[in-house]
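A quick note: this is a predicted structure, and the numbers were derived from the prediction, not measured.
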Amino acid sequence: MAAPMESLRKRRGGGDAPQPEPLKAPGREPPTGPPSLLPGTFWLTRIVLLRALAFIYFVAFLVAYNQNKQLIGEKGLLPSKLYLQQIQQYFRGKSVWDSFSYSPTIIWFLDWSYMDFILDAISLLGLGVSAFVIITSCANMLLMATLWILYFSLAHVGQIWYAFGWEFQLLETGFLGIFLCPLWTFSRLPKHTPTSNIVIWGFRWLIFRIMLGAGLIKVRGDRCWRELTCMDYHYEAIMQTQPVPNPIAYYLHQSPWWFHQFETLSNHFIELVVPFFIFFGRRMCIIHGIVQILFQVILIISGNLSFLNWLTIVPSIACFDDAALGFLFGSQQGEVKDRVQKMQVEEAKENKPPVRYGCLVRRLVNVSLGILIAYLSIPVIMNLFNSNQVMNTSFNPLRIVNTYGAFGSITKERTEVIIQGTSSLVANDSTAVWEEYEFKCKPGDLKRRPCMISPYHYRLDWLMWFAAFQTYEQNEWIFHLAGKLLANDPEALSLIAFNPFEGKDPPRWIRGEHYRYKFSHPGGKHAAEGKWWIRKRIGPYFPAVNLKGLKEFFKSRDWPYPGHG
């Protein structure tokens, strides 16, 4: 039967008979879409990562330029020159390396007689380099290393003003950013320098530690995280979260209890479960990146946490490859996306691309980086598994691999230090009129709307909030601030939003008052009066002081006497 059947198939057009071509509509070509990007490469990822990281650097250097002279300059509240001199005295008789390793900064090699100029020069250079990377999307290892060294140098003389966890995080993120780029070449797509998978996984390992550390410190810390009640206080007073609440926090604070419990449960899921998605393939890794970025956007909207949340978005970008990020780029011929598509096609055609000497060196550098990160991660992993977990700590002087975590310890109320001045001759005169100084962003005037400044950062406002739940003995710099206000010092006043003695003689006395603050209730009596806050006096924070009485105090700490150089 085989032969007749074969003959029948041929007569019916089967077998090897040629098939007629499908009819085409006259004047039309069959639709063809642009070739799609292939997964697994990170050319576009590198561009987005570099621009995002450069943006954070730009904000950080802008904050430094606007505030460093007042905080750590020659006449700053905690002068960096004095800080370096104290380190020298501590290591007197030992090698110079001991002082440098304790506080590694390029400022050791510069002339401290021009400290304000040095601080400004570092900040302006950082602003210029980061702006260049943002605009051009081009960078090399030398440029990114310059940004890292400059900020590293500021952070190590910044003392308490730079003691926040995001300073460590920026340094670690910036260090990884150095290895995203070729050594010399300035190109958005350096053809022979693809983004290393080791560096991509370095960023992923970073976001994994940030989120898991934050989740573990919560469940091990205050019981309210386990009882799902912490968000009842978060927007108003929770420790280490809302030093300077924004207007949206005011309304979120009024949410019902079930919504706050949902927020807390969601927080635990995002910080304790979602980070492990990174290790379960491309699709789950992309889901992780999307969830973490959305989570950070929500935190940005709901609070002024400096550039912390913006910075945390940066390593999350490494969860996306070129195929996932292609929508961010135009498809015009000759543009970046089109060039990446052609590079992927060429790479697929080459079975064994020729090995270049520079590529071998780069691979060796990347492998060394991976080994270094793995080695420095050992104490970090041990800390994550430790029931006595510490947060925001570096186990190496270069702050390359750090441990993170936030909000493990909670306070249920908000307190503020309100600085007041008077022109009265006698401080304890019952008729003395005390007038309040208003800071840039922290709560003070009950009728002033909370500010919205993220990703910018007012360092003095944050430290004033920390001082409020400590004592003035733990924050001696506050007397330096008081002395400068007594002298109407223009640099100190540049950190203040409202000076009640502007255009007048300086105050004769300055004091600190301690208040408990709460949000007013929408629709309530205080809100009807235009008050965002309700406050109640706790008592004095520090006693009334005058400039003459502070002279010996300043002298004992080598602080320049206000108004006298």
Colleague: What I want to check is whether the side chains of N68 and Y162 have a donor and an acceptor closer together than 3.5 Å.
Modeller: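 Indeed, the side chains of N68 and Y162 share at least one donor-acceptor pair under 3.5 Å.
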
Colleague: Does a salt bridge link R448 with E438, judged by any charged N lying under 4.0 Å from a carboxylate O?
Modeller: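 Counted as a salt bridge, because a side-chain N and a carboxylate O are separated by less than 4.0 Å.
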
Colleague: Does K75 offer a backbone N or O that forms a donor-acceptor pair with the side chain of K484 under 3.5 Å?
Modeller: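 Yes; at least one donor-acceptor contact below 3.5 Å.
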
Colleague: Relative to the ring of Y57, is the ring of F61 parallel (under 30°), tilted (30 to 60°) or perpendicular (over 60°)?
Modeller: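 The rings of F61 and Y57 lie parallel, inter-plane angle below 30°.
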
Colleague: Between R535 and Y517, do the side chains contain an N or O donor and an N or O acceptor separated by less than 3.5 Å?
Modeller: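 On atom types as modelled, these side chains qualify, holding a pair under 3.5 Å.
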
Colleague: Mind checking whether F100 and F91 have ring centres under 6.0 Å apart?
Modeller: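 Between F91 and F100, which both carry aromatic rings, the centre distance is not below 6.0 Å.
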
Colleague: Is a salt bridge present between E271 and K218, judged by a nitrogen-to-oxygen distance below 4.0 Å?
Modeller: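 Salt bridge flag = yes for K218 with E271.
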
Colleague: Taking the six-membered ring for Trp and the single ring otherwise, decide whether the centroids of F175 and F179 are under 6.0 Å apart.
Modeller: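 Here the rings of F179 and F175 have centres that are less than 6.0 Å from each other.
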
Colleague: So does M391 get a backbone contact from the side chain of T393, meaning a donor-acceptor N/O pair under 3.5 Å?
Modeller: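 Checking the backbone N and O of M391 against the side chain of T393, a donor-acceptor pair under 3.5 Å is found.
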
Colleague: Please check if any side-chain donor atom of N304 sits under 3.5 Å from a side-chain acceptor atom of S454, or the reverse.
Modeller: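 S454 and N304 do not have a side-chain donor-acceptor pair below 3.5 Å.
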
Colleague: Would the F276 and H288 ring centres measure less than 6.0 Å apart?
Modeller: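 No; H288 has its ring centre 6.0 Å or more from that of F276.
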
Colleague: State whether the side chain of R51 and the backbone N or O of I134 hold a donor-acceptor pair below 3.5 Å, judged by distance alone.
Modeller: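 Present.
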
Colleague: Check this for me, if you would: do E416 and K442 make a salt bridge, where the nitrogen-to-carboxylate-oxygen distance has to be below 4.0 angstrom?
Modeller: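 Salt bridge between E416 and K442, a charged N being under 4.0 Å from a carboxylate O: yes.
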
Colleague: How about W108 and W97: are their ring centres within less than 6.0 Å of each other?
Modeller: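 Between W108 and W97, the centre distance exceeds or equals 6.0 Å.
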
Colleague: Are F479 and W559 an aromatic pair, judged by ring center distance below 6.0 Å?
Modeller: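 Not under 6.0 Å, so no.
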
Colleague: Looking only at side chains, do T471 and Q474 share a donor and an acceptor under 3.5 Å apart?
Modeller: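 Side-chain D/A pair, T471 to Q474: present.
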
Colleague: Could you check F168, W148, F203, W166 and say which one makes a side chain to side chain contact (heavy atoms under 4.5 Å, CB included) with T173?
Modeller: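 One option only clears the test, and that one is F203.
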
Colleague: Flag the pair E476 and R557 as a salt bridge only when some basic side-chain nitrogen lies within less than 4.0 angstrom of an acidic carboxylate oxygen.
Modeller: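 A salt bridge links E476 with R557.
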
Colleague: Are H480 and F554 close enough that their ring centres sit under 6.0 Å apart?
Modeller: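 When the ring centroids of H480 and F554 are compared, they turn out to be within the sub-6.0 Å range.
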
Colleague: Distance only, no hydrogens: is a donor on one side chain within 3.5 Å (strictly under) of an acceptor on the other, for Q169 and N402?
Modeller: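 On atom types as modelled, these side chains do not qualify, holding no pair under 3.5 Å.
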
Colleague: Might you work through the side-chain contact (heavy atoms from CB on, under 4.5 Å) test for F42 and N197, ending with a clear yes or no?
Modeller: CA-CA 8 Å; F42 300 92; N197 285 327; 3.3 Å; yes

Colleague: Look only at the side chain of E74 and the backbone of M115, and say whether a donor-acceptor pair between them is shorter than 3.5 Å.
Modeller: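 Present.
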
Colleague: Closer than 3.5 angstrom, by distance alone: can the side chain of S153 be matched with the main-chain N or O of T105 as a donor-acceptor pair?
Modeller: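 Looks like no, no N/O pair under 3.5 Å.
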
Colleague: Would you call the rings of W533 and F519 parallel, tilted or perpendicular, taking 30° and 60° as the class edges?
Modeller: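 Plane angle under 30°, so parallel.
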
Colleague: Can you see whether T312 engages Q292 through a side-chain donor-acceptor pair at a distance of less than 3.5 angstrom?
Modeller: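 No, no side-chain donor-acceptor pair sits under 3.5 Å.
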
Colleague: Charged N to carboxylate O below 4.0 Å: is that the case for E167 and R459?
Modeller: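 Yes, E167 and R459 are salt-bridged.
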
Colleague: Do Q159 and S80 meet the criterion of a side-chain donor-acceptor pair at a distance under 3.5 Å?
Modeller: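 No.
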
Colleague: Flag the pair R209 and E172 as a salt bridge only when some basic side-chain nitrogen lies within less than 4.0 angstrom of an acidic carboxylate oxygen.
Modeller: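 Yes.
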
Colleague: Name the orientation class of the two ring planes belonging to W205 and F208 (parallel below 30°, tilted from 30 to 60°, perpendicular beyond 60°).
Modeller: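 Judged by the thresholds at 30° and 60°, the geometry between W205 and F208 is parallel.
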
